[in-house]
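Got a structure here, written out as C-alpha cells. Questions coming.
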Amino acid sequence: IYSWRGAEIKNFLEFDKIYKDSKIIRLEENYRSTQNILSVASKLISNNQNRVGKTLKTSIEDGNLIKLNCYKNGKDEAVGVSDEIEKIKKKYSLNEVVILVRAIFQTREFEERFLKIGLPYRIIGGTKFYERAEIKDCVAYLRIIHQDKDDLAFERVVNTPKRSIGDGALKSIHEFAKEKSSSLEFASRKMIEENLIKPKTKLGLSFFLDSLSKWRNDLNIKKINHIKLLQIVLDESGYSAMLKNKKDIDNENRLENIKELLSAMKEFDNLESFLEHVALATSIDQDWDGQKVNMMTMHAAKGLEFDMVFLPGWEEGLFPHQKSIEEKGQNGLEEE
C-alpha cells in the first residue's frame, strides 16, 4: 500500500488509540524469504519512527548473504551486474534473475549493456527504453531534422504536440506526395505554396515546417551539438510544455525518460552515430519467450519471487526518491 495510491499510514498507527479494546496481533512468520533477507530488511526499517513494528522470522534457512557493491555511475553498475549474471548463468535460469529499479528510466543503462553483450532481457509491466512513446517522439524529431525524406518520422511528429493537422489533412498530403513521387515534407511545402491546405491547418503546418528549417540551420550552419539540439527542439516545438502542463505520474516518468535520453546521447560524437545506434537497438527483435533476465520497477514486483535479485541505484535522490522527500519530508523518507 502506498500513499500515492491513497493509503493513509495514520490509520494503522492510531487504530488502537481510537478503538481502545482492540488487540494487536503481529503476523511475524514469513514463508517466502530467507532469514538473511529478513534480518537486513528489519534492521533497515527499524530506523523508521512511525511504525507499529514487528520482528520477521522464518523457518527457512539463513540463505546467501546480501552483497553490497559500490559503483562510480550507472554505466559501471550495469557492467558489474551483467558480469555477475554471466558468472551464474550455468547455475540459475535467467528467468529467475531480476533487476528491480525505483524509476523506469533506470533500465536504459542495463538495456544498452545487455544489447552490447547479447544478454537477453524482458521488461515486465513496461516498455523497452527506445520503444517508449516519448523516446520515439524525440528520436523522430531528430530523424526528420537529419533526413527530410524520412516520412515515418515526419508523420509521427507533425501533429505532436497538436497543431490542428488531423487525419484528413495527412491523407491529402499523402495523396499529393504519391502523385508527385515526393516526400511528405516536400508535398506539405508545395501544398502550402499552392494554397491547398485549410487556413487553420496551414497555420500549424507552416509553424512545423519553419521550425524544421530553423533546427536544420542550428545543426548544420550553427553547428549546435545533437544534445543541445534536442533540448531546443523540445522547447520550441512545445513538447516539453505539453508534458509539464499535465501533472501526473506518467508525465513525470516521461520527463525522466527524456532526461535519461539526453544523458545517453552524450556517449555519441554526433547526431548520425546516435541515430545509427538507435536503429540498431530497435532492430533487435526479441520475442517474449525463452530464458531472459527480468527488469521491472519495485512497485511492479509486489508478490513475485526470484532466485537472484539486483537492486541498482540505491542512492540519495533516487532511492529514496528526491520527490518523496521534497513533498513529504521525513514521512516521505520513511515510506520510501
Side-chain angles (χ1 to χ4, degrees), residues 105 107-108 111-112 115-116 127-163 165-167 169-171 173-174 176-178 180-192 204-243 254-285:
F105 75 83
T107 66
R108 202 267 310 171
E111 291 186 57
E112 302 269 21
L115 286 169
K116 195 172 180 179
T127 314
K128 293 184 174 182
F129 186 79
Y130 287 110
E131 286 166 15
R132 293 170 195 166
E134 60 282 5
I135 300 302
K136 282 168 111 170
D137 290 343
C138 291
V139 170
Y141 268 112
L142 294 171
R143 274 171 43 196
I144 189 65
I145 292 166
H146 178 63
Q147 169 55 271
D148 62 4
K149 292 180 180 65
D150 193 330
D151 286 351
L152 285 174
F154 179 91
E155 199 169 352
R156 183 169 184 100
V157 292
V158 68
N159 199 37
T160 309
K162 296 262 182 283
R163 300 186 183 96
I165 305 161
D167 292 343
L170 258 177
K171 192 171 175 233
I173 293 169
H174 265 286
F176 191 90
K178 203 172 172 186
K180 297 275 189 266
S181 304
S182 74
S183 68
L184 295 182
E185 184 182 333
F186 179 84
S188 304
R189 293 185 188 278
K190 207 81 189 125
M191 286 173 81
I192 286 173
L205 192 56
S206 298
F207 170 78
F208 178 66
L209 295 170
D210 291 346
S211 298
L212 284 181
S213 301
K214 188 253 173 201
W215 297 328
R216 283 180 192 135
N217 189 54
D218 287 343
L219 179 68
N220 301 318
I221 311 296
K222 291 187 182 173
K223 300 291 180 203
I224 283 171
N225 76 33
H226 51 302
I227 301 143
K228 182 77 182 130
L229 178 71
L230 180 56
Q231 290 169 326
I232 290 169
V233 169
L234 290 167
D235 287 342
E236 294 181 358
S237 66
Y239 197 93
S240 289
M242 172 184 80
L243 293 182
R254 288 185 187 111
L255 287 165
E256 282 195 325
N257 283 334
I258 290 171
K259 212 187 285 177
E260 183 62 21
L261 177 68
L262 288 162
S263 165
M265 289 169 74
K266 290 175 188 162
E267 292 169 29
F268 300 89
D269 293 336
N270 52 42
L271 181 58
E272 198 168 352
S273 60
F274 170 69
L275 290 175
E276 275 171 16
H277 169 75
V278 175
L280 200 65
T282 47
S283 68
I284 297 167
D285 187 31

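Keep in mind the model is a prediction, meaning the values are calculated, not measured.
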| Rounded to the nearest 0.5 Å, how far does CD of Glu111 lie from CG of Leu115? | 7.0 Å

| query | Which atoms form the tightest heavy-atom contact between Ala133 and Arg156, and what is the distance? | reply |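 Heavy atoms of Ala133 and Arg156 come nearest at O-NH2, 3.3 Å.
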
| note | CD1 of Ile144 to CD of Glu185, rounded to nearest 0.5 Å, is 5.0 Å

| task | Look at the side chain of Arg143 and the backbone N and O of Phe154, then say whether any donor-acceptor pair between them is shorter than 3.5 Å. | result |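 Answer holds: no.
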
| Measuring from Leu271:CG to Ile227:CD1, what's the distance to the nearest 0.5 Å? |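 Reported to 0.5 Å precision, the distance equals 10.5 Å.
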
| Between Leu142 and His226, does a side chain to side chain contact (heavy atoms under 4.5 Å, CB included) hold up when you go through it step by step? | CA-CA 8 Å; Leu142 294 171; His226 51 302; 5.7 Å; no

| remark: Smallest heavy-atom separation, Asp148 atom then Ser183 atom, equals O-OG, 3.8 Å

| Chi angles and distances behind the side chain to side chain contact (heavy atoms under 4.5 Å, CB included) call for Cys138, Leu230 | CA-CA 7 Å; Cys138 291; Leu230 180 56; 4.0 Å; yes

| query | How long is the gap from CD1 on Ile165 to OG on Ser188, to the nearest 0.5 Å? | reply | 8.0 Å

Using a 3.5 Å cut-off and no angle test, enumerate the donor-acceptor pairs between side-chain atoms of residues 257-264 and protein atoms at least two apart in sequence or in another chain.
from   : atom 1 : to     : atom 2 : distance (Å)
Asn257 : OD1    : Arg132 : NH1    : 3.3
Asn257 : ND2    : Glu134 : OE2    : 2.8
Asn257 : ND2    : Asn253 : O      : 3.4
Glu260 : OE2    : Arg108 : NE     : 3.0
Glu260 : OE2    : Arg108 : NH2    : 2.9

| Is there a side chain to side chain contact (heavy atoms under 4.5 Å, CB included) between Val233 and Tyr239 once you walk through the steps? | CA-CA 8 Å; Val233 169; Tyr239 197 93; over 6 Å; no

| query | Are Ser182 and Arg189 close enough that a side-chain donor and a side-chain acceptor fall under 3.5 Å? | reply |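 No, no side-chain donor-acceptor contact under 3.5 Å.
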
| query | Would you call Lys214 and Asp218 a salt bridge, taking side-chain N to carboxylate O under 4.0 Å as the test? | reply | yes

Just list the side-chain donor-acceptor pairs under 3.5 Å for residues 204-211, sequence neighbours left out, or say none.
from   : atom 1 : to     : atom 2 : distance (Å)
Ser206 : OG     : Lys202 : O      : 2.7
Ser211 : OG     : Phe207 : O      : 2.8

| query | Heavy-atom distance under 4.5 Å between the side chains of Ile224 and Leu219, does that happen here? | reply |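 Side-chain contact under 4.5 Å: no.
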
| query | If you draw a 6.0 Å radius around CD in Glu272, do more than 12 non-hydrogen atoms from other residues or ligands fall strictly inside? | reply |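 No - once you tally the heavy atoms of other residues, nucleotides and ligands closer than 6.0 Å, there are 12 at most.
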
| query | Ring centroid separation for His277 and Phe268, is it under 6.0 angstrom? | reply |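 Close enough - the centres of the two rings lie under 6.0 Å apart.
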
| query | Say you draw a straight line from CZ of Phe274 to CG of Leu229; how long is it, rounded to the nearest 0.5 Å? | reply | 11.5 Å

| query | Under 3.5 Å, side chain of Lys223 to main-chain N/O of Asn220, donor-acceptor pair present? | reply | yes

| Where do Pro161 and Met242 come nearest, in terms of heavy atoms and distance? | CB-SD, 3.7 Å

| Considering residues, nucleotides and ligands other than Lys116, do more than 12 of their heavy atoms fall under 6.0 Å from its NZ? |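 Atom NZ in Lys116 is not crowded, with 12 or fewer foreign heavy atoms closer than 6.0 Å.
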
| field | Point-to-point distance, once rounded to the nearest 0.5 Å, from CD of Glu112 to CZ of Phe129 | value | 8.0 Å

| field | Over all atoms of both residues, closest heavy-atom pair of Ala153 and Asp150 | value | N-OD1, 3.1 Å

